[in-house]
Amino acid sequence: MSRYDEIVIGAGIDGLVAATSLALGGRRVLVVERAGHAGGRCGSHTFHPGYASPGLLSDTAAFRPLLAKELDLERFGLRRNESAERCVTLLGGGATVDPAETSSPWHAWLGEVAPIIEGFLDEPPLELLHPERTPLDDLLHRGFEIRRLGRKTMMEFLRVPPMALADWLRESFDDEAILAALAAPALIGTWLAPRSPGSAFNLLFDEIAGSTQVRGGTPALVDALLAAATAAGVEFRYDSEVERLHVKDGVVSGVVLSADATLECERVAASCNPRPLMLDKLPPGLLPWRQRRRYRAYRCRGTTAQLLLALDGVPPALEQIEFAQTAASLDEIERAFDAIKYRMFSDAPVLWLHLASRDAPTLAPAGGAVLSVLIHYVPYDLDGGWTDQARERLHAVTMRRLEDRVPGIGARIVGSQLLDPTAIERRYGLPGGQIHHGEHALDQWLVRPDPQAAAYRTPLAGLWLCGGGSHPGGALTGAPGRLAARAMLGH
Amino acid sequence: MSAHPRASRYDAIVIGGGHNGLTAAAYLAKAGRKVLVLERRHVLGGAAVSEQLYPGFTFSVCSYVVSLLRPHIVRELQLARHGLEIIPLDCSFLPLPNGDSLARWSDGERTRREVARFSPHDSERLGEFGLAMTKLCRFAKQIIDNPAPDPASLAPRELLNLLRLGRSMRGDPTDLRWLNFKLLTTSAVDFLDLWFESDQLKAPMSVSGIIGTFLGVRSPGTAYVLLHHYMGEIDGAFRAWGFSKGGTGGVSMAIARAARAFGAEILEQAAVAEVRVHGGKARGVVLENGDTIDAEVVVSSVDPNRTFLQLVGERHFDTEFADQIKRFKLRGSSGKVNLALDRLPEFSCRPGDGPHLYGDIAIAPSIDYLERAYDEAKYGDFSQRPYINVVIPSLVDPSVAPPGKHVMSCFVQYAPYDIKEGAEHWPQRREALGDAVVDTLAEYIPGLKESILYRQVLTPWDLEQEFGLTEGNIFQGELSQEQLLFLRPAAGWARYRTPIDGLWACGSGTHPGGGIMGAPGELAAKALLASRRL
């Protein structure tokens, strides 16, 4: 009899939520984490003396509010801000355009359908392609929820998801800077552009899934979750990469760590990307070839690079701003995307900026600031490879764009770190540098990651999935961890 | 000089003598109704039309192959008796810039041998792919042969229809369901990646997914069109893919003959200016020459924008419907270059006459080439190195050209309706588009330019001005998912009725969409007859 009921792979947001939920449900849980600390994609590291990264993903607005209650997170310091910080467009010369100042029928419609998307986030997924079950009950229930919107709203709700977000937004807005401010954040980490069919769903999700940010940003969120997990009795083992799954008599019953140490348990819940897990970490022959083909088809192309900047002060253009993006029009985003199809990056990339130290002052020394810049679209499989010259070129085009939108920033930089997609892969354990554990696209949301693993249980006894590679995706919602744990506890 | 109708009142007036309008008219006439078809041009067929633009040469001016003409329509209207003859298309030829080439045949074994030269891996997958596609066709066939499902309706019959559609997949293994799901959601390239690795196979195969759309082969939602090639297999004895003898106009003319044989009256050069609406009902039409004709019912086969906003007028509709029609996307993305040649065009990569020229020929040397062509057009200009789909119908149908001479029909993408100078400037850019096409082809056919006797270039603007296709969209509306099925042309109005009593719609702008299927015309007529409105 092993010491643990469950081993959770990964101490990121979803791993922490799953582990804590399981522990509160009476289970004995061990979390194994490859890095030396918790946080996953929200984990911090010092990138310049005195300056810490807010993590790869640093906007905490999507973290599900009901988790605070379920995991008693307020007791461990979690607070949410009163109002949401929205992404603004930075135009040349320091001017900004703020879409939050626009209220429109479009926003009103989002409010009407919000309950459906919130249901998508907080309820178990419909297993649309499950072999034995046609979940008629689920479908009818969900169907009636949608029908209750009224015929007109319902038809609209069915019409929108497969659309290109450019087409959808242009039905309601004209101003290019506003269009770009709404579109850019929704496309982060995707292999989609404003004209890509299905991108409207990304925007719909992004708009509704965000409430207000956690006060103190990612450091505060990670601290609260870690404290809650520890208080619930979860144990942790860091610097422990899982090399493969331990399988006995066809049942997954533990993990094998790099040091060839085997840890046994009843069930394994993996919050890492399911694709390499299923393709590379199981004994050969265990997964039938059709399933292997489906996991190979689970798209994990990374399109993100990150530039972390240590500043000796906040540039004037960023006073009053926490989140911003630099594209002045939808076509600018589209052109940046075009390059990635040919395994290149544009010399006019789209930059998403987060002045993370604004809400998390401990990231920088007094008077200083930390700016996280997510650069799109940057190919993982760059033509010619990620050489030093390639990184210099990326750095140069990024700084040129940044200087244009945030005049004077160059003079404030005291240190920086550039993470190309391969560096992101290495640091955060994200195959392909894909920041959401699998691309966010309509088809990969509806069935995630595979028809036979679309509700956290896999066909392999003892193996569960509980991370961003499962429903409802890899944003910082904590929802996969929560829903997986509930399923594992039999709710 | 336009003729005048024989009567002043009809049971049904059909606006537009394209193949769908003619099909609707034929079915209505067959059911004993008094029908009048009004066609603006001097020749019938709409975009399925043959014209002798140059002495001795008959061109399929717009559409150039018959795709999914429904076998039951051919039977029910006895089209073979009225002159319909389809010559099967047996080959898809891909010339390559490096002097190599790939031909894919209806003979699977022959295709496997050719593909094996590029990729043994892919040649081994071909059979499996064909099998999977044939299975996936079953589901698709239910969609195109029936009126669109209506998810908003609570009527028991509708719910049962929806359940039946879902249940038809019930017995299928998970993997097949997943393939169906991927077919409906992913890009043509992503879908083909499940089986194949070589560009030489994926590029020409994926390009069918973007015909008539403003999307690239890597854009989500372009995979399902791949089914079209396989639908013919399950249509039984009748080969759905092919050339129509006498050009695609031959299809329209056969339907017109059938309609006339059933008693329908058809007038050319009879442009409709207005649909008369009075007291919320359609009463008939007014022609451009001033003639007024009454009818119990008016059936429009022209596109939704033209029908509702131009022929009827926005003021007759509530804002919700008008808004839906205004946002119905019609962005044309293609053009056509029709050539009369004084000799056989010879491809340097596979010289001389040969069966490889008797099907369709694609200038689509790689996926990157196709994506670059799309990228160029996104920002307001046509592709300098475009995708071109070529057929030489005179090789299989000698009736369309003098002996030894040839017709070369070139479909080109991308040519966006909205060029940056404004669509009305297309005439100034027309010849440049023609040159881009000819220059590109000349890279593969060295003697081409010298052999051209006549050249016609149709831009999206020309498709709109001459053929009544708003914004030059060849399907009367993009075939994107938000405009298909129960959303085509507007939510709640996908069963051929319109908000105006007595006005019905039946063109490609209705379910199941574009192509030479005849299905919209047939389903609309049958729905009208079933409604007992007539």
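Naming convention: chains lettered A, B, ... in sequence-line order (proteins, then strands); numbering from 1 in each chain. From a predicted model like this one, the values you see are computed outputs, not experimental measurements.
When the shell of 6.0 Å around CG of D318(B) is examined, it contains more than 12 heavy atoms from other residues, nucleotides or ligands. Within 6.0 Å of atom CZ in R327(B), more than 12 heavy atoms from other residues, nucleotides or ligands are found, so the atom counts as buried in its surroundings.
Contact of Q324(B) with chain A is not made at all, since no heavy-atom distance falls under 4.5 Å. With a 4.5 angstrom heavy-atom cutoff, I367(B) does not touch chain A via any of its atoms. Proximity to chain A is limited to the side chain of D190(B), based on heavy atoms less than 4.5 angstrom apart. Both the backbone and the side chain of D368(B) have a heavy atom closer than 4.5 Å to some heavy atom of chain A. Using a 4.5 Å cut-off between heavy atoms, Q291(A) makes no contact with chain B at all. For a residue to count as touching a neighbouring chain, one of its non-hydrogen atoms must lie under 4.5 Å from one of that chain's; by this rule L194(B) touches chain A with backbone and side chain alike.
Comparing R218(B), E371(B), K378(B) by how many heavy-atom pairs each has under 4.5 Å with chain A, the most go to K378(B). Heavy-atom pairs under 4.5 Å with chain B peak, among R299(A), E171(A), R159(A), at R159(A).
Remark: side-chain polar atoms of R335(A) are not paired, donor with acceptor, to backbone N or O of Y379(B) under 3.5 angstrom.
With sequence neighbours excluded, the residues satisfying ring-ring contact (aromatic ring centres under 6.0 Å, His included) with F337(A) are W191(A), Y377(A).
Rounded to the nearest 0.5 Å, atoms CH2 (W289(A)) and CG (D175(B)) are 6.5 Å apart. With values rounded to the nearest 0.5 angstrom, T174(B) atom OG1 is found 6.0 Å from R294(A) atom CZ. Taken to the nearest 0.5 Å, the CD atom of Q444(A) stands 9.5 Å off from the OG1 atom of T186(B). Taking CG of L183(B) as the reference point, atom CG of D443(A) lies at 11.5 Å (rounded to 0.5 Å).
Contact annotation: the side chain of P197(A) never approaches that of T222(B) to less than 4.5 Å [non-hydrogen atoms, C-beta and beyond]. With a 4.5 Å cut-off on side-chain heavy atoms, L179(B) and R293(A) count as touching.
Between R331(B) and D167(A), at least one side-chain nitrogen of the basic residue sits less than 4.0 Å from a carboxylate oxygen of the acidic one, meeting the salt-bridge criterion.
When all heavy atoms are compared, the tightest approach of P162(A) to E482(B) is O-OE1, 4.1 Å. When all heavy atoms of K341(A) and Y374(B) are compared, the pair lying nearest together is NZ-CD2, 4.1 Å.
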